[in-house]
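Encoded as structure tokens, the structure appears first; notes follow it.
In this text the structure is predicted, and so the values were computed from the model without any measurement.
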Amino acid sequence: MIAPNDAGASPTVADQRFDEPSRPIRVSLVNDYEIVLRGLHAMLAPFRDRVTVVEHEIGGTPDRTADIALFDTFAGRRDSLDRARQMVDEGLVEHIVLYTWDASPQFLDIATTVGVSAVIRKSAGGTQLVEQLERVVAGERFGWADDSDTNGRAHHEALSMREREVLALMALGYTNPEIAAELFLSVDTVKTYVRRVFAKLGVNNRTNAALLAAKYDLPPPARRLSQRTG
């Protein structure tokens, strides 16, 4: 069961003693976007003695056995929970870890019910992320509740990570209420992000914004498109 950390703090190794794994942790990386998975792989690459990436799963669920499915929730909070439930049923991975910028109490409640082992902040660097994955394998469960806006302010890109998520969902044809439901945000908050995306991209409608999604390596994933049109 996921237990929120005190004051929303990310866990540290000093909080808990655990045995060092006898072999590198086998990790499957999961998300709908290749660029996201490439970033995760690059983050874990310096820790090959502790973590082995056995699979990049774009748009589906892992089909190889692994200790952990590290699921980046970019552009798919509810979708990640649905697929986490599917992964639990399939039983190929021992633990499911959601890697996300934010986690509302509702999101954590559903994650706990689904059987997710941990929810980890994207603000965690590579060293901290690997330490937390090791703690999950050792049997610890953790998460946090955070209602604040952590939309990637640490990044200095034309679009913040939150704005990229909104752009990715617009490219899939999501309406503002649908984006709000997917990302566990209010419709008014989504409207604010949509306006920011329009301003930064220099467009004035959703169609033109969606056409620029590919510029940010965010083309609509085939699986998600088929769900919309099927």
Side-chain angles (χ1 to χ4, degrees), residues 28-41 55-64 66 68-93 96-104 106-117 119 122 151-152 159-187 189-191 193-194 197-198 201 203 205-230:
S28 291
L29 304 179
V30 185
N31 185 261
D32 283 332
Y33 295 89
E34 183 179 353
I35 188 173
V36 172
L37 296 186
R38 287 204 305 264
L40 270 180
H41 205 158
E55 183 178 7
H56 278 93
E57 179 53 52
I58 301 174
T61 58
D63 54 14
R64 299 182 186 178
I68 291 177
L70 181 58
F71 198 147
D72 192 307
T73 67
F74 179 86
R77 300 295 189 282
R78 291 189 185 276
D79 182 69
S80 67
L81 294 172
D82 290 340
R83 285 158 70 185
R85 183 181 291 109
Q86 182 180 347
M87 284 187 270
V88 169
D89 291 342
E90 291 171 348
L92 284 176
V93 294
I96 299 168
V97 172
L98 301 181
Y99 191 47
T100 184
W101 279 114
D102 49 35
S104 68
Q106 182 186 7
F107 180 89
L108 279 180
D109 286 345
I110 298 173
T112 301
T113 302
V114 165
V116 169
S117 295
V119 178
K122 283 192 177 183
N151 61 74
L159 295 180
S160 72
M161 290 304 295
R162 176 69 87 197
E163 290 159 357
R164 284 170 177 253
E165 286 190 299
V166 171
L167 175 61
L169 292 173
M170 282 197 288
L172 280 165
Y174 278 51
T175 64
N176 287 349
E178 288 174 328
I179 294 174
E182 182 62 48
L183 299 182
F184 291 88
L185 298 173
S186 71
V187 174
T189 297
V190 170
K191 288 179 180 178
Y193 283 119
V194 169
V197 170
F198 284 179
L201 296 183
V203 300
N205 61 64
R206 302 173 83 89
T207 299
N208 288 336
L211 290 174
L212 293 175
K215 173 183 175 182
Y216 290 88
D217 293 316
L218 300 172
R223 182 188 66 87
R224 300 283 286 275
L225 275 178
S226 65
Q227 287 179 339
R228 300 287 294 172
T229 59

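Across all their heavy atoms, A69 and V30 have their closest contact at CB-CG2, 4.4 Å. The heavy-atom pair separating L167 from A213 by the smallest distance is CD2-CA, 4.0 Å. Residues P220 and A171 come closest through the heavy atom pair CG-O, 3.5 Å. Across P221 and D32, no two heavy atoms sit closer than the pair CG-CB, 3.5 Å. Closest approach of V114 and A84 over heavy atoms only: CG1-C, 3.7 Å. The two residues F74 and A168 come nearest to each other via the heavy atoms CE2-CB, 4.2 Å.
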- Task: Decide side-chain contact (heavy atoms from CB on, under 4.5 Å) for R162 and L183; before the verdict, give the C-alpha distance in whole Å, the side-chain angles of both, and the deciding distance to 0.1 Å.
- Result: CA-CA 9 Å; R162 176 69 87 197; L183 299 182; 4.2 Å; yes
- Let me see the working for V194 and V166 under side-chain contact (heavy atoms from CB on, under 4.5 Å), right down to the final yes or no. CA-CA 7 Å; V194 169; V166 171; 3.8 Å; yes
- Message: Determine whether V119 and L108 satisfy the following criterion, side-chain contact (heavy atoms from CB on, under 4.5 Å), listing intermediate values before the conclusion.
- Response: CA-CA 8 Å; V119 178; L108 279 180; 3.6 Å; yes
- Check against side-chain contact (heavy atoms from CB on, under 4.5 Å), F71 and V93: CA-CA 12 Å; F71 198 147; V93 294; over 6 Å; no
- Item | Evaluation steps, salt bridge (Lys or Arg N to Asp or Glu O under 4.0 Å), between E57 and R83 | CA-CA 12 Å; E57 179 53 52; R83 285 158 70 185; 5.9 Å; no
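To the nearest 0.5 Å, the span separating CG on D79 from CG on L81 amounts to 9.0 Å. A distance of 6.0 Å separates CG in L169 from CZ in R224, rounded to the nearest 0.5 Å. Atom CG of D82 is separated from atom CD1 of I110 by 9.0 Å, given to the nearest 0.5 angstrom. Between the CZ atom in R164 and the CG atom in D217 there is a gap of 8.0 Å [rounded to 0.5 Å]. To the nearest 0.5 Å, atoms CG (L172) and CD1 (I179) are separated by 9.5 Å. To the nearest 0.5 Å, atoms CG (L201) and CG (N208) are separated by 10.0 Å.
A 4.5 Å side-chain heavy-atom check between V190 and P177 finds every atom pair outside the cut-off. Using a 4.5 Å heavy-atom threshold, the side chains of F198 and M170 count as touching. Counting heavy atoms from C-beta outward, Q106 and R77 have side chains that stay 4.5 Å or more apart.
Using the six-membered ring where Trp is involved, F184 and F107 have ring planes that are perpendicular, over 60° apart on the 30 and 60° scheme.
In this structure, E34 contributes its side chain and I58 its backbone to no donor-acceptor pair below 3.5 Å. Side chain of E55 to main chain of P62: no donor-acceptor pair is present (N/O by atom type, distance under 3.5 Å, no hydrogens or angles).
Judged by distance alone, the side chains of S80 and T73 never bring a donor and an acceptor atom under 3.5 Å apart.
Judged by the 6.0 Å and 45° rule, R228 forms a cation-pi pair with Y174.
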